Every structure is written in C-alpha cells, then in structure tokens.
2 protein chains.
Amino acid sequence: MKQKNGLSIGESSKQSGVNIETIRYYEKIGVMPVPERSLSGYRLYGAGHLKRLSFVRRSRRLGFSLDEIRDLLRLVDGDAYTCAQVRKLTLDHLAEIRRKIADLKRLERVMAEMAAQCSGDRVPECAVIDALFDTRPPAAEPSGRQPPMPTATSVMRRR
Amino acid sequence: MKQKNGLSIGESSKQSGVNIETIRYYEKIGVMPVPERSLSGYRLYGAGHLKRLSFVRRSRRLGFSLDEIRDLLRLVDGDAYTCAQVRKLTLDHLAEIRRKIADLKRLERVMAEMAAQCSGDRVPECAVIDALFDTRPPAAEPSGRQPPMPTATSVMRRR
DNA sequence: TCTTGACCCTGTAGCGGCTACAGGCCCTAG
DNA sequence: CTAGGGCCTGTAGCCGCTACAGGGTCAAGA
C-alpha cells in the first residue's frame with residue numbers, strides 16, 4: 001500500500017493517541033467521517049482526520065460527552081459557529097463539573113465523618129456498619145426537598 | 001396472599017427506596033439473597049431483607065461500587081468482621097473520592113481558562129475551538145509521566 | 001360470578017463509551 | 001514461500017441499572 005494519500009488507521013492511532021478500535025467506533029457512531037479506502041479496503045486518513053481525532057480526544061479528556069462533542073463539531077462543521085455559541089457549551093459543561101465537585105465534596109465529608117467514628121478496633125462493632133445499616137432515613141434528608149442526591153456511581157474511570 | 005410472613009417486592013421497594021427492578025437485579029447478581037416465595041411464586045421479604053436493601057442503597061449513594069458493597073457484606077455476613085477491616089474499605093473509598101475531586105478540579109481550571117479566553121463575539125474565531133483543535137501535545141503533558149489523566153467520563157449520573 | 005386493573009413473574013435488550021475478542025484478508029521481509 | 005504483522009468485519013462484554021414484552025395472580029367492585 002502506502003498510497004500517495006493517507007495514513008493507515010494504526011498510524012493515525014499513534015499520532016492522535018486514539019485507540020484503533022475507538023477510531024472505528026467513532027466512525028460507526030458518526031463522530032468521525034467515513035474515510036477513503038485503499039484498493040485493498042484499508043482506511044486512509046489525512047491531516048483533517050488527524051486534527052479531528054485530536055479534537056475529540058482532547059474534548060473527551062475534558063469530560064465532554066460524545067453528544068456534547070457532536071454539538072461542538074456540528075458548529076465547527078457548519079463553519080457558521082460563533083464564539084458565543086461555543087462559549088455557552090463550554091460554560092454549561094463547566095457548571096456541570098462544578099456540580100459534580102460539590103457532590104463529591106459532600107460525599108467526602110460523610111465518608112470522613114464515618115471513618116472518624118470508627119475505632120479501628122478488632123471488635124465486631126463498627127460505626128460505619130451501624131451508620132449504613134441504620135434503618136431510619138438519613139439525617140441529611142429532611143423531607144425529600146433538595147436535589148435527589150446523585151447516585152454517585154462510576155465517577156471517572158481511571159485507565 | 002398477604003401470607004403471615006413477608007412483604008411483597010413492591011412494598012419492600014417502597015420502604016427501602018430501591019426500585020423493584022433493581023431489587024431483582026441485586027438478587028440476580030448475588031447482592032441480595034434468594035427470598036422465599038409465596039404459593040403463587042411472589043417474592044416474600046422480611047425485616048432482614050429490608051435492612052440489607054437500605055444498606056446497599058445507602059452505600060451506593062455514598063459511591064461504593066457493587067463490588068465494594070459485596071466486600072462490605074461479606075465481612076458483615078461472615079459475622080467476623082472487625083471495625084479495622086471496615087475502616088480500611090472506607091478509607092480506600094475516601095481516598096478515591098478525593099482523587100476524583102482533584103481530577104475534576106484540574107478539569108475545572110482548564111475549562112474556566114478556556115472559557116475566559118473566549119471573546120463571546122459573533123465572529124467565527126474562538127479560543128476554545130483553537131485550543132481543542134491545536135495539534136501540538138497539550139502543555140500539561142510534558143512527557144507522559146504523571147497519572148494517566150482520567151478520561152473524565154460520566155461523572156455521576158443525575159437521575 | 002365475572003371483570004377490571006393493579007400487582008407480580010421471567011427474560012431480553014438498551015444506555016455510554018469503549019475494549020476485546022474471533023475469524024478472516026493483505027502486505028512485506030527474509 | 002512462509003511467517004509476522006497489520007488491517008478488516010462483526011459480535012459480545014464491562015457497569016448498574018432501566019424498560020420493555022408477554023404472560024400469571026389477586027382483590028375489590030358490579
């Protein structure tokens with residue numbers, strides 16, 4: 001191969017830092033455009049693809065969802081985006097990050113309090129277990145008003 | 001029905017705050033024990049089940065994964081747990097929460113900086129887009145040393 | 001007695017954002 | 001001419017649920 005025009009998917013993966021399978025996945029879900037193919041059916045990428053891959057990767061690392069990235073790309077692709085539009089998406093995302101930080105800080109406080117109650121003894125009596133097993137509604141939920149307290153799941157995978 | 005012994009799954013759901021389908025799911029994955037059944041095949045729950053459901057729910061809300069909860073329950077079920085063991089699991093979890101907070105704060109800073117660069121003008125030139133499209137490696141990645149920078153995905157679902 | 005309608009059952013598919021195969025084709029170096 | 005790497009497609013798995021579809025069961029009212 002090595003036709004005049006185009007990097008292989010492996011090469012693009014190395015240069016962009018996006019996993020090969022992920023690149024194909026992005027193509028499947030329409031985040032990346034369908035690329036040209038070599039005679040033997042290999043995908044061929046150009047400079048534009050590489051930039052776009054980096055864009056997606058960088059945005060992902062900043063916590064944008066693929067849906068949000070699609071929004072950004074739609075603006076860019078329409079070549080009619082304004083800075084104000086982009087700014088709005090960015091600020092929305094920033095607000096969400098801040099909410100998550102606040103949520104996690106509440107969790108941190110609760111966990112730290114529980115751990116502090118814990119004697120660390122060898123006895124089978126434990127403030128943490130007691131707190132978790134307590135059947136009364138938790139003190140921090142007076143009457144179901146405030147935000148529904150996130151289910152605090154998989155907060156950011158690592159690796 | 002309403003046999004002498006046992007609440008229906010719906011009643012247990014209401015009292016514990018755990019969704020019906022989720023209760024069945026917990027049973028399937030072994031977090032909840034297989035309950036008795038009425039003559040017609042309905043699940044019947046007792047006080048022990050309710051406590052356990054609350055335990056799981058509360059732990060989930062504190063961000064424990066089902067795997068971690070299984071660990072906690074194993075300790076409790078073995079009725080040989082020590083406070084020290086529970087404390088360790090709790091502190092591990094706390095450390096993870098703190099890591100996530102730190103990660104999110106870094107993201108917050110980057111996002112805020114980007115947004116601040118943004119003129120908010122109507123022109124199709126935008127510092128955010130420029131930053132994201134920049135093909136050079138990001139400044140904050142000198143040589144691939146520090147922790148692999150989380151892919152910052154779905155940080156805590158909200159409803 | 002019959003009919004609603006609320007509840008319960010099982011089993012399967014879907015969400016996001018990938019990752020990891022299996023089973024095959026292609027291409028180059030030795 | 002063969003060995004190995006790379007590439008291809010397609011499918012299944014991860015987590016922690018949620019939402020069906022297609023049935024059975026039960027209690028209250030007409």
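Note that the structure is predicted; figures quoted are calculated from it, not measured. Each chain gets a letter, A, B and so on, in the order the sequences are listed, and its residues count up from 1.
OP1 or OP2 of C/dC9 has not a single side-chain nitrogen or oxygen of B/S40 nearer than 4.0 Å. Contact check, A/N19 against C/dC18: no side-chain N or O comes under 4.0 Å of OP1 or OP2. Put simply, A/S65 has no side-chain N or O that comes within less than 4.0 Å of OP1 or OP2 on C/dG16. Applying the 4.0 Å criterion to OP1 and OP2 of D/dC17, one finds that B/R60 has a side-chain N or O inside that range. Considering only side-chain N and O atoms, A/R24 lies nowhere under 4.0 angstrom from the phosphate OP1 or OP2 of D/dT11. The side chain of A/S8 places an N or O atom within less than 4.0 Å of a non-bridging phosphate oxygen (OP1 or OP2) of D/dC7. Side-chain nitrogen and oxygen atoms of A/Y26 include at least one within less than 4.0 Å of the OP1 or OP2 phosphate oxygen of C/dC18.
Residue A/I29 is classed as having no contact, given no heavy-atom separation below 4.0 Å to the nucleic acid. Within the nucleic acid shown, B/R43 comes within 4.0 Å of sugar-phosphate atoms alone, with no base atom in reach, counting heavy atoms only.
Contact check on B/R87 versus B/D92 returns no salt bridge, with no Lys/Arg side-chain nitrogen under 4.0 Å from an Asp/Glu carboxylate oxygen. Ion pairing between a basic and an acidic side chain is recognised when a charged N comes within 4.0 Å of a carboxylate O; B/D103 and B/K100 show no such pairing. Taking 4.0 Å as the cut-off between side-chain N and carboxylate O, B/R70 and B/D67 count as a salt-bridged pair.
If you measure from atom CG of A/D67 to atom P of C/dC18, you get 12 Å, rounded to the nearest angstrom.
A 6.0 Å sphere centred on CD of A/E36 holds no more than 12 heavy atoms belonging to other residues, nucleotides or ligands.
At a cut-off of 3.5 angstrom, the base of D/dG24 holds at least one donor-acceptor pair with the side chain of B/Y42.
Of all nucleotides listed (D/dC17, C/dC9, C/dC18), D/dC17 comes nearest to the side chain of B/T22.
The C1' atoms of five pairs define one axis at each end of the helix from C/dT1-D/dA30 to C/dG30-D/dC1, and these two axes lie 30° apart (to 10°).
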Under 3.5 Å donor-acceptor pairs involving side-chain atoms of residues 14-21 of chain B, not counting sequence neighbours:
residue, atom, partner, partner atom, Å
B/S16, OG, B/S12, O, 2.8
B/S16, OG, B/V18, N, 3.1
B/N19, OD1, B/E21, N, 3.2

